[in-house]
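Okay, here's the structure, questions in a sec.
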Amino acid sequence: MTSDHDEAKARDDLAKYSDTPQRVARFVAQQLIMKPYVWSALTVHIHGERHLTDLNAPFIAIANHSSHVDTTVIYGALPRRLSRNLAAGAAADYFFKKKTSALGTRLFFNAYPVDRGGMKGHAGLSGRLLDDGVPLLIFPEGTRSRTGAMAKFKMGVAALSIQQSVPVLPIALVGAYAAMPYGQKLPVPGRPTVHVVFGNPLRAHPGETVPRFTERLYNRVVELHDTTARAYGMPTQADFHRSVALKAAAKKAKDSSTTD
């Protein structure tokens, strides 16, 4: 009896990510509230839409993550047929800690909890959603960059893609860090430019290991980012990493002179 009840509850929990009433509510929240506001606060350019032509759910969308506008511009840039059931992985210990924040995150982003610490209560949910035909948005760095420089990707996305036999859609966000850097509650004034760059969906090569596929995904997002950044005179990932190194060296020199 308990097992049947648990299975029914699990089915209900999965259904809310693709059921029609929730989808209608998301459409109103995303297309009539969220997108108009963000598109009025930013100047958004979309590149690589041709790469989406043959893509169908389920899939895993990934992107570099440096701003609270990242998720919003991805949802707004994707065609509705790909974004309508897209479920964004959100940190369970941050976005799902309070019911109020969880409701908003679920409404706007069809979000589901992802464990980034010691919490294990949501293990396997990503796979179950993909099995149910729900596409996912996951930021493989695991957290927002405080500097604009990309951290190495965690291996979960590559492993999930191989295990579930679904493609990975690489996305680069260029200018999002400058538009709303860490600590900002709203985009900076002046409608800053953000580029959303879609690449070809990728799958692991036959025999390719999870670490190798992870590295290839990382390199592809960097390539998409930097090609667009150079074309529009914006900072590349090398520029961001150089800035981080210079600041670290300056701090080290200052600390050293203070102790001498």
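Computed from heavy atoms alone, side chains included, the values below leave out hydrogens, waters and symmetry copies. Just so you know, these numbers come straight off a predicted model, no measurement behind them.
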Subject >> Spacing of OG1 belonging to Thr72 relative to CD1 belonging to Ile74, to within rounding of 0.5 Å >> reply: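 Rounded to the nearest 0.5 Å, the OG1-CD1 separation comes out at 9.0 Å.
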message = To the nearest 0.5 Å, what is the distance between CD on Gln22 and CG on Asn85?
response =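 The distance works out to 10.0 Å.
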With a 4.0 Å cut-off on N to O distance, would you call Arg242 and Asp239 a salt bridge?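 Yes, this pair counts.
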Fill in: Close side-chain approach of Tyr177 and Ser67, heavy atoms under 4.5 Å
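Of all side-chain heavy-atom pairs linking Ser67 with Tyr177, none is under 4.5 Å.
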For Ala111 against Tyr17, the heavy-atom pair lying closest together:
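Looking at all heavy atoms of both residues, the shortest contact is O-CE2, 3.4 Å.
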When you check the side-chain N and O atoms of Gln164 and Arg128, is any donor under 3.5 Å from an acceptor?
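Short answer, no.
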Exercise. Does any N or O in the side chain of Arg26 come within less than 3.5 Å of the main-chain N or O of Arg84, such that one atom is a donor and the other an acceptor?
Worked result: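 Yes: the side chain of Arg26 pairs with the backbone of Arg84.
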ask   = For Phe109, does its backbone N or O pair with a side-chain atom of Tyr75 as donor and acceptor, under 3.5 Å?
value =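 Yes, the answer is positive, given that a donor and an acceptor are paired below the 3.5 Å cut-off.
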Worksheet item: What do you reckon, is NZ of Lys35 surrounded by more than 12 foreign heavy atoms closer than 6.0 Å?
Response: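 Atom NZ in Lys35 is crowded, with more than 12 foreign heavy atoms closer than 6.0 Å.
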Practice task
Could you tell me which non-hydrogen atom of Gln237 sits nearest to which non-hydrogen atom of Asp226, and how far apart they are?
Solution key: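 Nearest heavy atoms, Gln237 then Asp226: N-OD1, 2.8 Å.
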**Request:** Taking the side chain as every heavy atom from C-beta outward, state whether Glu49 and Ile46 have any pair of such atoms under 4.5 Å apart.
**Result:**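 Answer yes - side chains close enough.
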Checklist entry - Say you draw a straight line from CD1 of Ile62 to CD1 of Ile171; how long is it, rounded to the nearest 0.5 Å? => result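 Ile62 CD1 to Ile171 CD1: 8.0 Å, rounded to 0.5 Å.
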List the steps, then state whether ring-ring contact (aromatic ring centres under 6.0 Å, His included) holds for Tyr232 with His47. CA-CA 13 Å; Tyr232 291 90; His47 310 268; 5.7 Å; yes
Expected output: side-chain Thr53 to main-chain Arg50 donor-acceptor under 3.5 Å
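Yes; judged by distance alone, with no hydrogens or angles, the pair exists.
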### Query
Which distance, rounded to the nearest 0.5 Å, do you find between the CE of Met155 and the OG1 of Thr214?
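Reported value, rounded in 0.5 Å steps: 6.0 Å.
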**Q.** Closest non-hydrogen atom pair, Ala41 against Pro192
**A.**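 Heavy-atom minimum between the residues: O-CD, 3.6 Å.
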Answer with yes or no whether the hydrophobic clustering places Val244 together with Met234; edges join I, L, V, M, F, W, Y residues whose side-chain heavy atoms lie under 4.5 Å apart.
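No, it is not one cluster - the side chains of Val244 and Met234 are not joined through contacts under 4.5 Å.
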Quiz item: Are Arg216 and Glu208 ion-paired here, with the side-chain N under 4.0 Å from a carboxylate O?
Solution: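 Looking at Glu208 together with Arg216, the answer is yes, because their closest N to O distance falls below 4.0 Å.
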TODO: Decide yes or no on side chain to side chain contact (heavy atoms under 4.5 Å, CB included) for Thr147 and Phe240, but give the supporting numbers first.
DONE: CA-CA 7 Å; Thr147 62; Phe240 282 124; 5.6 Å; no
Point to revise | Trace of the side chain to side chain contact (heavy atoms under 4.5 Å, CB included) decision for Ile138 with Leu160 | key: CA-CA 11 Å; Ile138 300 174; Leu160 191 62; 4.2 Å; yes
**Request:** Using modelled atom types only, decide if a donor and an acceptor are shared between the side chain of Arg191 and the backbone of Trp39 within a distance under 3.5 Å.
**Result:**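 Yes; judged by distance alone, with no hydrogens or angles, the pair exists.
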Practice problem: Find out whether Val221 and Phe153 are in side-chain contact, i.e. whether some heavy atom of one side chain is under 4.5 Å from a heavy atom of the other. | Solution: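 Side chain of Val221 against side chain of Phe153, heavy atoms only: contact under 4.5 Å found.
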Query raised in the report: Which atom pair, heavy atoms only, marks the closest approach of Leu78 to Leu52?
Result: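 Minimum heavy-atom separation between Leu78 and Leu52: CD2-CD1, 4.2 Å.
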Check your understanding: Under a 4.5 Å side-chain heavy-atom rule over Ile, Leu, Val, Met, Phe, Trp and Tyr, are Ile33 and Leu86 clustered together?
Key ->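 Yes, Ile33 connects to Leu86 through the hydrophobic network.
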| request: Might you point out which heavy atoms bring Leu55 and Arg81 nearest each other, and give the distance in Å? | output: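 In this case the closest contact between Leu55 and Arg81 is O-NH1, 2.8 Å.
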*asked:* Can you confirm whether Met180 sits close enough to Pro187 that some side-chain heavy atom of one is under 4.5 Å from a side-chain heavy atom of the other?
replied: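 Yes, their side chains come closer than 4.5 Å.
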Review point. Would a 4.5 Å heavy-atom cut-off, applied to side chains only, mark Arg146 and Thr143 as touching?
Key: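 They are in side-chain contact.
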Can you tell me how far apart CG (Leu169) and CZ (Phe198) are? Round to the nearest 0.5 Å.
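Output value for this atom pair is 6.5 Å.
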I'd like to know if the side chain of His68 reaches the main chain of Gly183, judged simply by a donor and an acceptor atom lying under 3.5 Å from each other, with no hydrogens or angles considered.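 Looks like no, no N/O pair under 3.5 Å.
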Check: Given side chains that start at C-beta, do those of Leu82 and Phe59 come closer than 4.5 Å, heavy atoms only?
Finding: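 Of all side-chain heavy-atom pairs linking Phe59 with Leu82, at least one is under 4.5 Å.
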_Using 0.5 Å steps for rounding, measure from the OG atom of Ser145 to the CZ atom of Phe139._
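Here the rounded value is 12.5 Å.
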Working for side-chain hydrogen bond (donor to acceptor under 3.5 Å, both in side chains), residues Glu141 and Asn64:
CA-CA 7 Å; Glu141 293 166 271; Asn64 55 306; 5.8 Å; no
His205 side chain to Arg212 side chain, donor-acceptor N/O pair below 3.5 angstrom: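 Side-chain D/A pair, His205 to Arg212: absent.
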**Prompt:** When you measure from the side chain of Ser40 to the backbone N and O of Tyr37, does any donor-acceptor pair fall under 3.5 Å?
**Reply:**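 A pair under 3.5 Å: yes.
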Are Val194 and His45 side-chain neighbours, meaning at least one heavy-atom pair lies under 4.5 Å?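 They are not in contact (no side-chain heavy atoms under 4.5 Å apart), so the answer is no.
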- Item | Closest non-hydrogen atom pair, Ile60 against Ser161 |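 What the structure gives for the nearest pair is CD1-N, 3.9 Å.
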ask   = Within the side chain of Arg220, is there an N or O that forms a donor-acceptor pair under 3.5 Å with the backbone of Gly199?
value =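 No: the side chain of Arg220 does not pair with the backbone of Gly199.
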Would you say that Val168 contacts Pro201 through its side chain, given a criterion of any heavy-atom pair below 4.5 Å between the two side chains?
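In short, these two side chains do not touch, never coming nearer than 4.5 Å.
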